[in-house]
Structure formats: structure tokens, C-alpha cells
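The structure appears right after this line, and notes come after that.
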Amino acid sequence: MTKLDFIYQRHSVRKFKDQPIAAEHLQEMIKAATYAPSGKNLQNWHFVVVTNKEKIAAIANLVMAKNEKLAGYIKDDAKAKALRAMVHYHTVFKAAPVLVLVYAGPYPTVADDLLAAGVMPVNEALEYARPNPAVQNIAAALENLQLAAANLGYGTCWMTGPTYAAQEISEYIGFTKAGYFLAAMSPLGVPDEGKWAYPPRKPVEEILTIIE
């Protein structure tokens, strides 16, 4: 293994074997997640791990119900149909033995101070919140978790689509923590898929700018 092979072991996995995850491995993956960088070292993350199959299935049902409700609000038939079509991808976690819910906590920014001062138009003040460091911290932590999972032989899949049912999911599992919201989730388990092939990546030359 080269020094960077652990990165290329990670793939988006959507099919899983009916096998449990060792408790010590789960602890190790969460620990790896907490070693991600976070602005101001706030570590504004909280991980909720669901291992009960019935509860995972119930969460999938909540996502399906919310998908249909939201689609019903959309007047454009094509767009409503497109949203309904996504529900299959938004519920692939239902076949996993474990579901990891990643919550993001408060992260104060200069935008908050500017809004409180009330001397700047709201739209202009909100420009300073666009980097969204709260979510960036969670993204770094989830990436660590997924890289650790792949290195231990497990599969994951980064998911944000189902978070439109965040309120329903949080109420169902009974998780409340002041200022925290569901930012992402990932199924976790032993992969039950054949050979993986990465979707084509853009050439480095296309996405890289070097200023000397």
C-alpha cells in the first residue's frame, strides 16, 4: 500500500451484507472522525449511530413520506416527478446494518455580528456566512469516518438528500441538542457489491490553478 492508497479505497456503497459491525471498529471510526480539523477547534459535531434494523427502516419510511409531501407542493410536474424519482437514492441506507447520522452544531461567524449590528443589508451580511464553516467541519469529520471505514473493510455512502426529513428523523429517534441540526448521514456495513469503478474524475489540469 502506498501512502495515499487509503484514499482510493473509499467508494460509495449502496448494497450491504447482513453482517454486524464490530463494536471496536465502530468506536475507532467515530474516533477517527473526531480527529478532523474544525474551525476554532469547536468540534461542533455529534454522531448518532442507529443499529436497530426496524428503526432504520422506519427512518426510510419517514424520508419517503416527506419526499411525497414536498413533491406535492411543486407545481411543475416534471420537477415534482424528478423529486419523487430521487426517493430511491435517498433511502438506500435502509439495507445497511448501521446508519450514522451526523449533526452540526452552532458556529458563530462575523455574519452573525453584522446581522446583530443591523447596519448592513441582510443580503450583504449573509455573504459573509457563505463559507458555512459549521457544515465544513462536519464534512471533514464525515470524510475521516468514511476513509477509516474503507480502511477497515466497510462501505459507506455520503448522503445529504434525506435531510429534508431532518425534523421527522430527529423527533423519531428522540435526539435533541440545542442548536444542532442533521447535516448528513451515511449507511455503514460490509459491502455486498462487485468491483467498483470510480465515476470519471475531472483532469487535475481542469480544476487546478497555481498562482506563483
Side-chain angles (χ1 to χ4, degrees), residues 12 14 16 26 29-30 33-34 36 38-39 42-109 111-112 115-116 122-123 125-126 128-146 156-189:
S12 293
R14 298 177 177 86
F16 303 89
L26 184 56
M29 285 181 268
I30 298 299
T34 67
S38 66
L42 285 185
Q43 302 180 48
N44 60 310
W45 43 59
H46 193 105
F47 302 88
V48 177
V49 179
V50 184
T51 60
N52 182 289
K53 290 183 178 180
E54 287 74 22
K55 290 183 178 179
I56 293 174
I59 291 172
N61 288 335
L62 291 173
V63 174
M64 287 188 284
K66 190 61 175 285
N67 177 282
E68 180 59 32
K69 181 178 181 179
L70 295 177
Y73 292 140
I74 301 174
K75 302 304 179 183
D76 185 308
D77 290 341
K79 291 181 179 180
K81 182 178 179 181
L83 177 58
R84 290 187 173 100
M86 290 302 297
V87 76
H88 168 73
Y89 300 99
H90 293 167
T91 55
V92 294
F93 61 82
K94 64 185 177 183
V98 171
L99 177 63
V100 180
L101 305 174
V102 191
Y103 284 80
Y107 188 100
T109 68
D112 300 316
L115 288 169
V122 172
N123 289 344
L126 289 177
Y128 295 93
R130 288 185 67 184
N132 202 340
V135 171
Q136 288 199 46
N137 294 344
I138 271 54
L142 183 52
E143 178 75 354
N144 269 20
L145 187 152
Q146 294 195 327
T156 57
C157 184
W158 197 302
M159 303 181 71
T160 58
T163 59
Y164 50 64
Q167 180 178 346
E168 291 82 357
I169 293 171
S170 297
E171 290 176 354
Y172 172 72
I173 63 175
F175 177 77
T176 57
K177 192 170 183 178
Y180 280 69
F181 64 94
L182 181 59
M185 62 176 66
S186 177
L188 177 63

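Residue numbers start at 1 and run along the sequence shown.
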If I compare all heavy atoms of [X] with all of [Y], which pair ends up nearest, and what's the gap?
X: Thr109; Y: Pro133; answer: CG2-CG, 3.8 Å
X: Phe47; Y: Ala141; answer: CZ-CB, 3.9 Å
X: Gly189; Y: Pro97; answer: CA-CG, 3.8 Å
X: Leu42; Y: Pro108; answer: CD1-CD, 3.9 Å
X: Arg84; Y: Gly72; answer: NH2-N, 4.0 Å
X: Ala96; Y: Pro187; answer: CB-CB, 3.5 Å

Do [X] and [Y] make a side-chain contact, defined as non-hydrogen atoms from C-beta onward lying under 4.5 Å apart?
X: Val135; Y: Phe181; result: yes
X: Lys53; Y: Ile56; result: no
X: Thr34; Y: Asn144; result: no
X: Lys55; Y: Ile173; result: no
X: Met29; Y: Leu188; result: yes
X: Ile169; Y: Tyr172; result: no
X: Gln136; Y: Tyr107; result: no

Straight-line distance of [X] [atom1] to [Y] [atom2], nearest 0.5 Å:
X: Ile138; Y: Gln43; atom1: CD1; atom2: CD; result: 10.5 Å
X: Leu182; Y: Gln167; atom1: CG; atom2: CD; result: 11.5 Å
X: Leu62; Y: Thr91; atom1: CG; atom2: OG1; result: 12.0 Å

Under 6.0 Å from the OH atom of Tyr128, do we count more than 12 heavy atoms belonging to anything else shown? no

Please check if atom NZ in Lys81 has more than 12 non-hydrogen atoms from other residues, nucleotides or ligands closer than 6.0 Å.
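Not more than 12 within 6.0 Å, no.
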
Please list, one pair per line, the donor and acceptor atoms closer than 3.5 Å that link side chains of residues 156-165 to other protein atoms, with sequence neighbours excluded.
{"residue": "Thr156", "atom": "OG1", "partner": "Gln146", "partner atom": "NE2", "Å": "3.4"}
{"residue": "Thr163", "atom": "OG1", "partner": "Thr160", "partner atom": "O", "Å": "2.5"}
{"residue": "Tyr164", "atom": "OH", "partner": "Asn67", "partner atom": "ND2", "Å": "3.0"}
{"residue": "Tyr164", "atom": "OH", "partner": "His90", "partner atom": "ND1", "Å": "2.9"}

What class does the angle between the rings of Phe175 and His46 fall in, given that below 30° is parallel, 30 to 60° is tilted and above 60° is perpendicular? tilted

- Query: Which of these, Leu101, Leu142, Val63, sits in a side chain to side chain contact (heavy atoms under 4.5 Å, CB included) with Met185?
  - Reply: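 Running side chain to side chain contact (heavy atoms under 4.5 Å, CB included) over Leu101, Leu142, Val63 with Met185 returns exactly one hit, Leu101.
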
(message) If the condition is side chain to side chain contact (heavy atoms under 4.5 Å, CB included), which residues does Asp76 pass it with, not counting sequence neighbours?
(response)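 For Asp76 the side chain to side chain contact (heavy atoms under 4.5 Å, CB included) partners, ignoring immediate neighbours, are Ile74, Ala78, Lys79.
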
